[in-house]
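Each remark here refers to the structure printed beneath this line.
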2 protein chains.
Amino acid sequence: MSYPAADWRETRREAARAAIVEAAWAAVEDEGLAGLSLRDLAKRAGTTTPTIYKYFASKNDIYDAMFGQAAAEFEAFLAAPYPSEQPRAALEEGVRRFFAFCTSDIPRYQLLFQRTIPGFEPSPESFAAAVRALAGTRQVLARNGVTGTRQVDLWTALTTGLVDQQISNDPGGRRWTRLAEDSVTMFLDHARKTSSSSSSRRRRQRP
Amino acid sequence: MSYPAADWRETRREAARAAIVEAAWAAVEDEGLAGLSLRDLAKRAGTTTPTIYKYFASKNDIYDAMFGQAAAEFEAFLAAPYPSEQPRAALEEGVRRFFAFCTSDIPRYQLLFQRTIPGFEPSPESFAAAVRALAGTRQVLARNGVTGTRQVDLWTALTTGLVDQQISNDPGGRRWTRLAEDSVTMFLDHARKTSSSSSSRRRRQRP
DNA sequence: GTCTATAGCTGGATAGAC
DNA sequence: GTCTATCCAGCTATAGAC
């Protein structure tokens with residue numbers, strides 16, 4: 001109750017920042033991720049460009065706030081409790097969530113997973129949540145006996161490839177989404193075959 | 001020898017267009033695909049922007065010429081004779097070529113396979129070569145007993161996912177490239193298992 | 001902190017002399 | 001066909017009044 005004045009002032013400031021970020025999401029939904037302009041953003045937020053510069057140092061600073069928010073959403077989305085304790089069911093549920101997350105908001109997907117904006121690099125703090133979310137995926141993979149770097153890399157390539165084809169070549173459809181279950185089968189069959197000889201594989205990496 | 005005047009005039013014109021496109025490739029190699037500007041392009045081509053407009057109707061028209069050239073290169077690259085007649089070896093060679101083609105020129109890859117430029121759609125003529133190249137891949141897959149749409153889609157997702165992860169997360173390295181052989185094994189094992197029951201799968205598509 | 005106004009720049013595209 | 005010169009729109013970012 002009796003926090004110092006600086007605290008609620010900070011809270012107000014965060015609320016204003018959040019409102020601008022909210023308007024920014026609406027803007028990129030309409031104009032595309034790269035089409036974000038500060039003029040349009042200011043108009044949507046019911047303010048002006050100089051005011052925005054009181055809250056964000058630059059346009060990329062806004063992208064960074066959006067990235068951090070998206071990464072947090074991604075982490076929460078994947079970390080929600082899994083209904084089944086069966087490892088394979090959990091992996092399938094993870095893919096379903098990954099698809100649902102990516103296809104439900106394409107600018108968000110582009111910002112998080114593609115490198116489409118010229119000068120933008122997410123700050124370490126914003127990047128942290130994305131890394132944590134990937135760690136959750138690694139856990140689910142580990143419950144399925146998949147632990148090696150090569151296998152995890154193959155898994156990420158497979159899932160992102162499916163999502164990317166879906167978004168690029170059949171937006172709004174299910175042409176690649178429907179292959180998710182088949183993909184899990186294919187991947188796990190292969191992982192089981194190769195994990196027994198993982199040490200020899202590792203030795204073969206640099207001949 | 002005695003062609004009508006309109007013919008060599010047309011030839012000169014094509015040569016000038018080719019020179020501009022050549023300069024455009026150099027520009028995107030330096031500035032990024034989306035960073036192409038007509039001022040810079042004109043400077044590189046040793047001319048001025050109005051002259052460029054004598055040869056191309058718009059900036060997207062230049063992108064289209066680049067797309068058509070890249071698609072032709074892609075088709076030629078994949079269609080070169082395959083050293084081995086063994087189906088699996090041909091498929092592996094196809095992946096190797098796909099990786100080599102994509103990673104050796106990233107702006108070209110982005111132009112051909114990603115939808116990164118706002119208002120640009122390739123013209124049907126430019127798109128044709130890309131379609132032909134994909135048909136070649138389907139042939140190699142068919143020689144491996146892979147014919148169904150679902151399986152072909154899974155293959156494209158897998159290979160593009162690998163390339164995309166390689167370019168995005170380990171540019172210049174081999175972290176995902178080295179997984180190509182494993183991926184072929186994984187895919188073919190799975191394809192063999194499912195192709196025998198393809199009719200039942202097809203029936204299950206719309207329950 | 002919020003505004004008006006504008007600087008300063010870069011973009012695509014053109015008019016018109018030669 | 002090639003140039004100079006320029007238009008006009010858009011952008012990010014800031015100065016300065018209130």
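Each chain gets a letter, A, B and so on, in the order its sequence line appears, and its residues count up from 1.
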Taken to the nearest whole Å, CZ/B:F56 to C1'/C:dG12 is 16 Å
So, using side chain to side chain contact (heavy atoms under 4.5 Å, CB included) as the criterion, who are the partners of A:R174 when residues are at least two apart?
A:T177, A:R178
Out of curiosity, B:L158 CG to A:M186 CE, how far, rounded to the nearest 0.5 Å?
5.5 Å
To the nearest 0.5 Å, what is the distance between CG on B:L38 and OG1 on B:T51?
12.0 Å
Could you check which residues of residues 12-31 of chain A get a heavy atom under 4.0 Å from DNA chain D? Sort them by number, please.
none
Just checking A:Q86: does its CD atom have more than 12 heavy atoms from other residues, nucleotides or ligands closer to it than 6.0 angstrom?
yes
Closest heavy-atom pair and its distance - A:W155, A:L91:
CZ2-CD1, 3.7 Å
Contact string for nucleotides 2-18 of chain D, one letter per nucleotide 5' to 3', B = base within protein heavy-atom range under 4.0 Å, S = sugar-phosphate only, - = neither, reads BBB------BBBBB---
The side-chain contact (heavy atoms from CB on, under 4.5 Å) partner of A:Q151 among A:T156, A:N144, A:L141, A:V146 is A:V146
Compute the ring centroids of B:F113 and B:F101, then answer whether they are less than 6.0 Å apart.
no
Indicate yes or no: at least one non-hydrogen side-chain atom of A:R44 is less than 4.5 angstrom from one of A:D30.
yes
